[in-house]
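Comments concern the structure below.
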Amino acid sequence: MKSKKLLYIGISAVVALLILFVGINYLKGINLFHTSNYYFVSYESVTGLNVSAPVTANGFKVGQVREMHYEYDNPGHVMVELALDKELKVTEGTVAVLGSDLLGTATIILEMPKSTDYVAVGSKLPGKISGGLMDNLQADLMPVLPKVDSLINALTRVVTDPSLSAALGRLDAISADLSVLSANLAASTKPLPAVVNKASATMENLSVMSTRLDSLSATLNHLPLNETMDNVEAISANLKQLTAQLQQPNSTLGLLLNDRGLYDNLNATVNSLDSLLVDVKANPKRYINIKVF
């Protein structure tokens with residue numbers, strides 16, 4: 001009886017370990033019962049890439065990262081093992097591009113050209129690291145920022161220029177002179193001596209107004225208006241280029257704004273993780289259940 005009891009205990013422990021092993025791999029997204037073809041890629045950096053990260057082709061998941069290890073015989077590189085679907089035939093010239101999404105999670109995208117030649121299973125694929133969406137967005141916006149800064153500086157110099165305040169003061173004086181001139185013309189029906197006196201005063205006012213207009217013209221000539229207009233035209237050209245990129249669905253900015261699949265995938269992933277965590281907290285015995293007889 002004692003030997004049978006020990007045998008049952010040993011069998012139960014082995015079964016529990018197997019269930020634990022399969023369960024852990026299942027939570028990682030690794031299906032031990034699904035046959036796969038294995039390929040290898042070497043990268044200089046795998047920041048954000050984790051085991052079981054998806055491998056996609058044309059936006060569809062065709063595999064996942066099986067394992068990663070540092071290449072001690074090739075310092076500065078990390079070897080990544082890819083487990084791809086058995087049905088997938090990797091064509092010659094395929095490049096495994098390592099990129100990241102808005103959340104910083106890295107994925108591997110297979111860029112497969114059309115070809116009738118295929119890569120042998122277990123071969124090493126060429127790898128390439130691509131900047132994330134935020135990096136590409138920053139690269140697109142950086143050329144515009146110096147122009148905006150230059151425009152702001154130019155406008156600040158124009159607004160704070162003392163000549164502008166002086167020119168505005170002269171405009172106020174010219175407006176007052178015009179008001180006086182209008183009043184003098186309206187009083188032209190008065191007796192002739194009064195009209196002559198008003199005409200003389202009007203001529204003096206016109207002379208003063210002409211002098212002030214000359215001064216205003218000279219002040220405006222010294223303002224940096226040409227530089228400001230050049231900056232405005234440069235910014236307009238950059239904004240036109242940026243708008244064109246936003247309207248192109250295949251550009252980085254276009255994908256960021258128009259890729260409905262990216263939004264759906266992120267939303268589905270967050271919902272799946274939330275459901276899994278809630279279920280694990282509510283039913284922990286469903287995932288790890290060891291019984292001792």
Side-chain angles (χ1 to χ4, degrees), residues 14-133 135 255 259 261-262 264-266 268-273 275-277 280 287-288:
V14 171
V15 172
L17 289 175
L18 287 175
I19 294 174
L20 179 63
F21 177 73
V22 173
I24 291 175
N25 283 279
Y26 178 78
L27 291 176
K28 290 181 178 180
I30 300 174
N31 189 352
L32 298 176
F33 304 102
H34 180 72
T35 57
S36 302
N37 291 332
Y38 297 96
Y39 298 85
F40 301 89
V41 188
S42 179
Y43 297 104
E44 293 183 357
S45 174
V46 290
T47 302
L49 185 66
N50 298 311
V51 174
S52 76
V55 179
T56 62
N58 300 108
F60 185 81
K61 182 180 178 181
V62 294
Q64 60 190 7
V65 175
R66 174 72 177 181
E67 187 179 344
M68 295 188 297
H69 64 271
Y70 189 79
E71 297 184 70
Y72 294 98
D73 56 345
N74 185 21
H77 293 78
V78 177
M79 184 64 68
V80 179
E81 181 180 349
L82 308 180
L84 305 182
D85 295 342
K86 273 277 190 183
E87 296 80 8
L88 180 67
K89 294 182 179 180
V90 181
T91 58
E92 286 285 351
T94 297
V95 178
V97 181
L98 175 61
S100 58
D101 56 20
L102 288 174
L103 300 178
T105 303
T107 58
I108 295 179
I109 302 172
L110 297 180
E111 295 183 350
M112 296 192 298
K114 293 183 179 179
S115 176
T116 55
D117 299 326
Y118 303 102
V119 179
V121 177
S123 300
K124 184 176 180 180
L125 302 176
K128 183 175 69 173
I129 299 177
S130 175
L133 290 176
D135 295 334
L255 287 174
D259 191 352
L262 174 61
D264 293 337
N265 289 335
L266 289 175
T269 301
V270 172
N271 290 334
S272 298
L273 288 175
S275 299
L276 179 59
L277 290 175
V280 170
Y287 299 90
I288 300 176

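Basis for what follows: all heavy atoms, side chains included, without hydrogens, waters or symmetry-related copies.
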Derivation of the side chain to side chain contact (heavy atoms under 4.5 Å, CB included) call for Thr56 and Thr107: CA-CA 8 Å; Thr56 62; Thr107 58; 5.6 Å; no
Verdict with supporting geometry, Val41 and Leu82, side chain to side chain contact (heavy atoms under 4.5 Å, CB included): CA-CA 8 Å; Val41 188; Leu82 308 180; 3.7 Å; yes
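Summarising the geometry of Ala53 relative to Ala106, their closest heavy-atom pair is CB-O, 3.9 Å, with the distance given to 0.1 Å. Of all heavy-atom pairs spanning Arg66 and Val51, the tightest one is O-CG1, 3.5 Å. Taking each heavy atom of Asp85 and Lys61 in turn, the nearest pair found is OD2-O, 4.3 Å. Shown here for Val95 and Lys128, the closest heavy-atom pair between the two residues is CG1-CB, 4.0 Å.
Contact annotation: the side chain of Val55 approaches that of Leu84 to within less than 4.5 Å [non-hydrogen atoms, C-beta and beyond].
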For residues 108-125, which side-chain donor-acceptor pairs fall under 3.5 Å, sequence neighbours excluded?
from: Ser115; atom 1: OG; to: Asp117; atom 2: N; distance (Å): 3.1
from: Ser123; atom 1: OG; to: Ala120; atom 2: O; distance (Å): 2.7

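One finds the OG1 atom of Thr94 at 9.0 Å from the OH atom of Tyr39 (value rounded to the nearest 0.5 Å). Rounding to the nearest 0.5 Å gives a distance of 8.0 Å between OG1 of Thr47 and CD1 of Ile129.
Screening residues 67-82 for side-chain hydrogen bond (donor to acceptor under 3.5 Å, both in side chains), with sequence neighbours left out, gives Ser42-Glu71, Asn74-His77.
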